[in-house]
Number of protein chains: 2
Amino acid sequence: MQETGQTPPARPHTGRRRNEAAHQAILDAALHLLADSDGTPVTIDAIARTAGVGKQTVYRWWPSKGAVLLDALTDRADQDVPGPDTGTLRTDLRTFVATTFDAAQHSTTASALRTVAREAARDPHLAELMRTFTATRRTALRDLLSRGRERGELADDADLDLIVDQVYGVFWYRFLLGHAPLDTATAERLADSLVTGNTAD
Amino acid sequence: MQETGQTPPARPHTGRRRNEAAHQAILDAALHLLADSDGTPVTIDAIARTAGVGKQTVYRWWPSKGAVLLDALTDRADQDVPGPDTGTLRTDLRTFVATTFDAAQHSTTASALRTVAREAARDPHLAELMRTFTATRRTALRDLLSRGRERGELADDADLDLIVDQVYGVFWYRFLLGHAPLDTATAERLADSLVTGNTAD
DNA sequence: GCTTGACAAGACTATCAGTCTCGACAACCA
DNA sequence: TGGTTGTCGAGACTGATAGTCTTGTCAAGC
């Protein structure tokens, strides 16, 4: 979890200490509301009320609603980005894509992710945080592809960034539009066609 | 342009007639504001004021802000979805993808599309209209692929819907996140890898 | 000229993010 | 023990904005 609140003051700390229970209660409340929301917006008032906390306590530690939401999501959601390394690109890629797709099937994660994505459309601050969030995942996938290319399993001039975006593009497009499934069979078809479409010969 | 307002009453029409000038002025104003907005929300008040019209006149003919925005966009934006048919899949696909990507380079269309996409994240009504909007384009691309498959340029068991979603997935993902370009070179690389990755042999 | 529906203007309601204020309270220090 | 400081819960307040309602006016047709 990245701490998005203010950095501590330079002077030695005096005064009352931060209430960790309240801190956790806020994240818990946000996550619960996100999980139950299924896309409908989650309000700060609701988070504060559910956590039994004043609004000011929320804003003392997070700069915006979006920051709270993303923090709640990344605090609990599977933080570890998959990084399989079996020595075979096709297998690694299949696993990576299938794992990514599978995360969207769990309704708790899914509705939280959906809500955060929707809020990000309006909240520039959250959009920035989301860019970091997605960049981490893109990098992990790119490294996986890079290893495969070094083994000669991809053409030397294959456009790795484009392949990455084909994976995450399909993922977000189907996830947000919801017109087609994100199942394992699809994941494997996608992985296979990407390997075949970018080999050397 | 689809008419999103109420259906006319069954009784013969009496009273004052609809002011077509005002109708057009609203769409013009919405389009101008969308084009200038570059992602920032466009308000109904601004549309009405710019059009020199009362808010009620807007709501008499459109059910929500989103409906006005999408109507303005589809009214003027390139309505004709590209449907090249040269007899060669690779060429057709390259043209289709390049044309699609290119539309996002024109700042007027781009900021309008971006704003509508952002509004759609919050407005379920607009989200539904957007689904129709995108479905039209997906169908056109799928037909193009289907023709290629019948000519044997794609494997019989190629997953056309997945190929379609790779194109539009990359498009929207890069368009909304803005982390990588949507240029012609990228379009052609994408088209080529999709053909190669889904051929029969 | 009467009825009816469209019109511009704008007041009004409701929602929600984010700020501000207040009195209480806890940690540390002299 | 009492003063200083920062955190706490509570909630009033501001500002933005979608959407509704009201009012007085105007045009089309009977």
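Chain letters run A, B, ... following the sequence lines, proteins first and then strands; every chain starts at 1.
Relative to the side chain of A:Arg18, the nucleotides D:dC8, C:dC7, D:dA18 differ in distance, and D:dC8 lies closest. Looking at the side chain of A:Arg60, the nearest of the listed nucleotides C:dC7, C:dG18, D:dC8 is D:dC8. Set against D:dG19, C:dT19, C:dA8, the side chain of A:Gln56 has C:dT19 as its closest nucleotide. Distance from the side chain of B:Val53 is smallest for C:dA8 among the nucleotides C:dC7, C:dG18, C:dA8.
A side-chain donor-acceptor contact under 3.5 Å links A:Asp183 and A:Thr186. If you check the side chains of B:His125 and B:Glu128, you find no donor sitting under 3.5 Å from an acceptor.
Ring-plane geometry between B:His179 and B:Tyr173 is classed as perpendicular, the angle between the planes exceeding 60 degrees on a 0 to 90 degree scale with a lower cut at 30. Below 30°, between 30° and 60°, or above 60°: for B:Phe175 and B:Phe171 the angle between ring planes is below 30°, a parallel geometry.
The closest donor-acceptor contact from the side chain of B:Ser111 to the backbone of B:Ala35 lies under 3.5 Å.
When rounded to the nearest whole Å, the span between CZ of B:Arg122 and P of D:dG19 equals 13 Å. The CG atom of B:Leu126 sits 14 Å away from the C1' atom of D:dA18 (whole-angstrom rounding). B:Asp123 has its CG atom 12 Å from the C1' atom of D:dG19, to the nearest Å. Atom pair A:His125:NE2 and C:dG18:C1' shows a separation of 14 Å (rounding to whole Å applied).
Using a 4.0 Å cut-off on heavy atoms, none of the residues of residues 41-51 of chain B approach DNA chain C.
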N/O contacts under 3.5 Å, protein versus nucleotides 22-26 of chain C?
| residue | atom | partner | partner atom | Å |
| --- | --- | --- | --- | --- |
| C:dC25 | O2 | A:Arg16 | NH1 | 3.3 |

